[in-house]
Structure formats: structure tokens, C-alpha cells
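All values below come from the heavy atoms of this structure, side chains included, with hydrogens, waters and symmetry mates left out.
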Amino acid sequence: MVDRIVIDPVTRIEGHLRIEAQLEGGMVKAAYSSGTMFRGMELILQGRDPREAWIWAQRICGVCTTVHAHTSVNAVEAALGIEIPPNAALIRNLITGAQYIQDHVIHFYHLHALDWVDVAAALKADPAATSRLAQSISDWPLSSEDYFAGVKARVEKLVASGQLSLFTNGYWGHPAYQLPPEADLMAVAHYLEALTWQREVIKVHAVLGGKNPHLQTYLVGGMAAAVDGNSPNVINWERIDFLAARIKQMRDFVEQVYIPDVKAVASFYPEWWQLGAGHKNYMSYGGLQNGLRDDQATFTFNRGIILGGDLSTVHPVQQDKITEAIAHSYYEYSTGQESALHPFAGETKPKYTGPTPPYEQLGVDGPYSWLKAPRYDGQVMEVGPLARLLVAYGAGNTDVQALVNGALTELKLEPAALFSTLGRVAARALETAYLLNWMDTWLEALAGNMETGDLRIHDGTMWDPSTWPAEAEGWGFHEAPRGALGHWIKIKDKKILNYQAVVPSTWNAGPRDAQGQTGPYEASLEGTPVADPEKPLELLRTIHSFDPCLACAVHVVDADGKERVRVEVR
């Protein structure tokens with residue numbers, strides 16, 4: 001007997017995603033990932049001044065916030081041969097590091113935890129036993145019996161009100177939940193604490209970028225966030241102290257709450273170290289430079305590719321081997337539906353040929369997604385924290401190896417266990433610990449430059465378009481929290497001729513290609529057991545482990561400029 005599961009929309013993500021799965025014998029036989037909105041941001045950028053591209057590109061997403069601005073200025077700088085000053089690189093790294101740490105914590109508690117934590121079961125917990133559990137895994141001060149009794153009372157009040165808000169449609173009581181009630185209550189308490197924590201630590205972006213989301217201090221050639229210890233209106237010693245305090249706040253919560261919770265939750269779900277692997281091909285562009293743009297020896301994240309789960313060999317990344325296919329996408333190419341184009345030659349020509357929504361199921365023999373299918377040298381690649389971790393581990397990054405080996409030893413696992421749904425969860429936690437040390441390093445370096453009088457923040461030598469070549473092209477690369485992000489720009493006569501963004505969720509959520517190769521989401525679901533097809537919690541666990549951001553991958557614009565909807569705030 002074959003059952004078909006449809007999840008539309010997938011919630012607790014950014015954007016619009018539909019997942020369909022065919023079941024056979026209680027397991028997923030085949031899966032299909034569909035982005036259900038048109039992406040048109042590339043069309044908006046055509047004809048604009050390259051120096052303002054980052055402003056528009058940053059609006060690709062309101063969750064990733066800075067990553068598209070960072071990648072966009074990087075692309076223009078590559079096209080024009082610009083190297084930014086060290087202070088600008090440090091500030092960009094601090095902004096990105098803060099984004100990573102906030103994003104990873106938010107993902108675990110607010111987007112993914114409810115796949116493992118039964119909120120309703122927390123009502124059965126004994127606060128005293130919960131306190132003993134919390135104190136056995138961490139020194140976090142908020143762990144008394146009274147504290148957890150208060151959290152339990154808040155949940156009881158919420159349930160009694162009948163206004164469950166975001167908890168309304170959970171699969172509470174599902175047989176796949178395995179945590180004891182005390183662990184559920186502890187996780188719910190930390191879920192609530194993380195809401196306040198993330199609001200405070202992201203103030204780093206307010207200091208360095210003026211606001212969050214959509215920071216305002218990026219410039220082609222550097223940053224507009226001036227540094228001067230003796231000035232009251234720029235990044236001075238007071239703001240350096242403020243940033244140091246926020247980094248300490250990050251560290252305290254990550255080390256005493258987030259990482260212990262990940263370990264605790266994982267210990268109750270050992271089978272999920274064997275589920276959700278997919279193709280086992282992983283790619284990282286590398287980045288967060290501590291030197292020149294292309295000096296890989298100074299990258300915080302290593303660049304490379306792991307093929308077939310073989311950690312003994314890290315293959316180089318050559319951006320000219322990247323293509324996007326559309327055999328199963330709602331687009332057309334001038335070179336034909338079966339072809340694949342490099343982003344420099346990329347085309348964004350929508351052509352919807354699917355069913356009229358709402359529909360019962362996708363027509364999967366033809367196009368079924370608004371996402372293209374990125375490939376590297378014809379091969380499927382997973383990107384994201386797990387890819388970065390594995391590439392760094394295989395490349396001999398000793399800091400990453402120490403973190404990974406320590407965690408594997410504590411959990412009594414082999415490295416191959418990382419090729420899994422829980423592997424992605426663990427990778428985020430380990431990456432957060434890795435980045436906290438870099439946050440301290442970058443802030444100390446910025447303060448050191450200020451002490452010596454090096455206040456350079458912008459290289460304006462190529463700011464004047466009259467100095468530009470008639471034609472130029474550049475690849476901007478970045479490791480966003482969700483994975484390898486690339487922007488490709490072609491400039492002609494001082495304007496953007498072509499602009500293509502290939503984002504992490506396009507790599508991971510893309511559909512099959514002309515050769516029938518499944519995308520990473522699709523492959524990772526194959527073989528997943530499903531206890532209740534009416535409540536496919538197991539599918540959500542693996543999909544959420546990628547942290548989908550479909551807002552990055554699909555966008556819509558009315559070409560005629562017509563008003564589509566008006567919202568009044570009263």
C-alpha cells in the first residue's frame with residue numbers, strides 16, 4: 001500500500017514550502033520539495049547602479065538580514081578589484097558572527113525544538129525533578145524548583161485560556177515524542193528565555209549597522225560605521241565595552257543552556273543519528289576573511305567539498321562549475337528546458353506550467369517548483385552548518401576538530417553519525433561555540449586598531465564610476481547561517497546587466513534535475529519511518545533540520561507596479 005503525504009505549507013520556516021512524500025510500508029519511498037512562489041529579485045536589480053545593489057538584495061529576506069548585503073557588496077568589489085580595509089572586514093565579521101549565533105539559537109528553540117519537545121507533556125512534569133535534571137547538565141542560575149513551577153504555571157494558564165497561539169497545531173501526544181515530561185518542561189522554559197536573550201544580543205547589529213533587520217552601514221569598498229575611540233557619535237570605547245558585554249551574554253546562554261539542551265534532547269533520540277543523511281555531498285564556499293578577499297588561509301570557515309561522506313579528502317571549489325537546472329522548475333531558458341546555466345549566464349524567465357492552486361498533488365513528471373536546481377559539476381550538494389563543519393573537519397581545522405571529537409566522544413558516536421538529521425542540529429551548536437571565540441578575537445583586533453590609530457573603514461578608490469571598466473563581472477561569496485550563498489553580477493556601461501543569486505535554500509530545497517537527481521531535502525527524507533501519516537512529525541524533523549528559508553529562494557513582484565494589498569496599522 002502506498003500513501004501520499006502533503007504538507008503545505010511547512011510552518012516554522014521563512015517563506016512558502018510544500019513537501020509531498022510517497023509512503024510504502026510505513027516509510028518514505030520518494031519525496032518532492034516545491035517552492036510555491038515566484039522569485040523575481042534578479043529582475044528588480046537589472047539596470048540599477050551596482051553600488052546600490054546591496055540595498056535591494058538585502059530585502060531578499062527579513063530573517064537572514066545582513067547576508068545578502070554582505071554578499072552583494074562582495075560581488076561588486078570582486079568585479080571592480082576592491083580590497084576593503086581591515087576594520088571594515090572586522091565589522092562585517094562581527095555583524096555576521098552575531099547573526100549566526102542569534103540565528104542558530106532561535107532555530108533550535110523557536111523553529112525546531114517543537115519537533116522534539118511535547119509542550120503538552122510539560123504539564124505532567126514535576127518541577128523539583130525538572131530542577132534536578134537542569135542542575136545535572138548545567139550551572140545555569142535559572143534552574144530552581146520555584147522557577148520551573150512558575151514556568152509550568154504559565155503553560156497551564158495558557159492552556160486554560162484556550163488561546164494556544166503558536167502551540168495550537170502541534171502534534172502533541174504523538175508517539176514519536178520521547179522526552180520525559182521534565183525534559184519537556186526544561187526545554188519550554190528555555191524556549192521562553194531565548195525570546196528575551198535573542199532580543200538583547202542582536203543589539204550588536206544596532207551598534208554596528210544602525211538597525212536590525214536590514215542593516216544600513218554597508219558600502220562597496222568597506223563600511224559606513226566609522227571608528228574612533230575619542231568620538232561620541234561613532235564606534236568608540238563605550239560601544240566596544242557594550243559589544244564585549246553582548247558577546248559575554250551570548251556565550252553564557254550558549255554554553256550553559258543551548259549546548260547542554262542539544263545534548264540532552266539528542267540523548268533521547270539515538271535513532272535520528274542514522275536518519276536524514278541524503279546524498280552525503282557537502283559544500284562550503286568558506287569565508288569570514290581575516291585578510292584579503294581570496295586568501296583562503298585567512299578564512300574563518302574553510303572552503304571545500306566533501307563527496308559521498310568521505311572526510312579524508314576535501315575537494316576544491318571552482319565557482320565556474322556551478323550551474324542551475326530548470327527541468328523541474330517553473331522557468332524557461334533560451335537554451336532549452338533540459339539545459340543548465342552558470343549564474344553569469346543565468347536567466348530568470350518565469351513560466352508556470354503546474355496545476356492551479358489549490359491542488360491535491362504536484363505533477364512531478366514535469367516542473368513542480370519555483371526553485372531552480374543548483375548543481376556543482378553536475379552533482380547535488382548540501383550546504384549549511386553541517387557542510388561547513390564537515391569541510392573544516394576534513395581540511396584539518398584543529399579548532400573544529402577538537403570541538404567535533406569532544407562531542408563525538410561524549411555522545412559515544414563515530415564521525416559518520418553526523419551525516420544525519422541530528423548531525424545538522426549538532427553542527428549548529430558546535431559552530432556557535434566555534435564562532436564565539438572568533439567574536440572575541442575580532443572585537444579585540446578592532447579595539448587594537450583603534451588604539452594604534454588605524455581608523456580606516458572604507459576604500460573609495462573605485463567609487464567613481466568613471467574609473468570603472470566598460471564591462472566587469474564578479475562573484476560574491478558568503479557563508480550565511482543556512483549555507484553557501486553566492487551573488488553573481490555583470491556590469492556594463494556602469495549599470496547592472498545581469499544579477500543572479502543562488503541561495504542556500506535553493507541548493508537544499510531545489511527539485512530534481514534533468515538526470516533525475518533528487519535535491520537534498522528530497523533525498524534526506526527517503527527511508528524515514530512515519531508512525532502516523534496524518535501527523536507526519538518525522539518529516540518535519542528532517543526538513544526543519546535544514547532551517548529552510550524559502551523567502552531567500554522565491555520572491556514575487558508585480559511588473560506593472562499595481563497595488564496588490566494594503567495593510568493599515570491602527
Side-chain angles (χ1 to χ4, degrees), residues 9-14 63 102-203 249-250 252-254 256-269 425 532 534-537 540-541 544 547 569-570:
V10 176
T11 57
R12 283 186 275 125
I13 68 168
E14 176 67 10
V63 171
Q102 185 217 28
D103 194 276
H104 287 352
V105 171
I106 287 175
H107 171 260
F108 179 72
Y109 287 104
H110 305 142
L111 304 181
H112 197 25
L114 301 187
D115 297 331
W116 313 95
V117 175
D118 188 339
V119 176
L123 297 177
K124 304 174 184 178
D126 174 6
T130 305
S131 176
R132 290 193 295 272
L133 171 64
Q135 292 177 24
S136 73
I137 64 174
S138 170
D139 294 329
W140 186 242
L142 295 177
S143 60
S144 69
E145 178 182 349
D146 287 345
Y147 175 72
F148 286 115
V151 173
K152 182 178 178 180
R154 290 174 66 184
V155 177
E156 288 173 335
K157 184 177 179 180
L158 180 68
V159 172
S161 73
Q163 302 293 320
L164 297 182
S165 185
L166 74 166
F167 299 141
T168 300
N169 294 318
Y171 296 147
W172 315 130
H174 194 288
Y177 284 122
Q178 297 175 28
L179 293 182
E182 288 70 27
D184 288 316
L185 179 59
M186 181 179 70
V188 171
H190 295 161
Y191 177 111
L192 298 172
E193 289 176 43
L195 289 171
T196 300
W197 172 88
Q198 62 90 19
R199 182 185 64 203
E200 290 300 311
V201 300
I202 207 58
K203 289 178 180 178
Q249 193 174 4
M250 293 177 190
D252 290 346
F253 192 83
V254 167
Q256 297 181 54
V257 182
Y258 173 37
I259 292 177
D261 279 357
V262 169
K263 293 176 180 177
V265 169
S267 69
F268 289 97
Y269 294 96
V425 179
D532 182 354
E534 297 295 323
K535 298 178 179 180
L537 177 64
L540 293 176
R541 281 179 178 167
H544 284 148
D547 194 9
V569 180
R570 298 181 183 273

Show me the side-chain donor-acceptor pairs of residues 124-134 shorter than 3.5 Å, one per line, residues at least two apart or across chains.
residue: D126; atom: OD1; partner: A128; partner atom: N; Å: 3.0
residue: T130; atom: OG1; partner: D126; partner atom: O; Å: 2.9
residue: S131; atom: OG; partner: Q135; partner atom: NE2; Å: 2.9
residue: S131; atom: OG; partner: S143; partner atom: O; Å: 2.6

Could you pull out the closest heavy-atom pair between [X] and [Y], with the gap in Å?
X: F268; Y: L179; result: CD1-CD2, 3.4 Å
X: D184; Y: A121; result: OD2-CB, 3.4 Å
X: L142; Y: F148; result: O-CZ, 4.1 Å
X: K203; Y: E200; result: NZ-OE1, 3.0 Å
X: Y147; Y: E193; result: OH-OE2, 2.5 Å

Taking the side chain as every heavy atom from C-beta outward, state whether I13 and L111 have any pair of such atoms under 4.5 Å apart.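 They are not in contact (no side-chain heavy atoms under 4.5 Å apart), so the answer is no.
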With heavy-atom distances below 4.5 Å as the criterion, would you say the side chains of L192 and R154 are in contact?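 The answer is yes; the side chains approach within 4.5 Å.
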Give a yes or no on whether the backbone of [Y] and the side-chain of [X] come within a donor-acceptor separation of less than 3.5 Å.
X: Q198; Y: L195; result: yes
X: Y177; Y: W172; result: no
X: Y269; Y: W116; result: yes
X: H107; Y: H544; result: yes

Could you walk me through whether Y258 and F253 pass the ring-ring contact (aromatic ring centres under 6.0 Å, His included) test, one step at a time? CA-CA 6 Å; Y258 173 37; F253 192 83; 7.9 Å; no
List the steps, then state whether side chain to side chain contact (heavy atoms under 4.5 Å, CB included) holds for V257 with D252. CA-CA 8 Å; V257 182; D252 290 346; over 6 Å; no
Test of understanding: with side chain to side chain donor-acceptor pair (under 3.5 Å), list the residues that count as partners of [X], not counting sequence neighbours.
X: Q249; result: R246
X: R541; result: none
X: D261; result: Y109, H190

Let me know which of V159, V188, L185 forms a side chain to side chain contact (heavy atoms under 4.5 Å, CB included) with L123.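 Going through the options one by one, the only one that passes is V159.
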Counting heavy atoms not belonging to D139, are there more than 12 under 6.0 Å from its CG?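 No, because the 6.0 Å sphere around CG of D139 holds 12 heavy atoms or fewer from other groups.
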Quiz question: by atom type and distance under 3.5 Å, do the side chains of Q102 and W197 form a donor-acceptor pair?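 Note: Q102 and W197 side chains miss the donor-acceptor criterion.
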Salt bridge (charged side-chain N to carboxylate O under 4.0 Å, His left out) pairs, two or more places apart, involving residues 109-123: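 Output for this query lists R12-D115.
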Below 30° counts as parallel, above 60° as perpendicular, anything between as tilted: where do the rings of Y171 and H174 land?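 Rings of Y171 and H174: tilted, 30 to 60°.
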With sequence neighbours left out, what residues match Y191 under ring pair (Phe, Tyr, Trp, His ring centres under 6.0 Å)?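 For Y191 the ring pair (Phe, Tyr, Trp, His ring centres under 6.0 Å) partners, ignoring immediate neighbours, are H110, F167.
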If you measure from CZ on F108 to CD1 on I259, what distance do you get to the nearest 0.5 Å?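 The CD1 atom of I259 is 11.0 Å from CZ of F108, to the nearest 0.5 Å.
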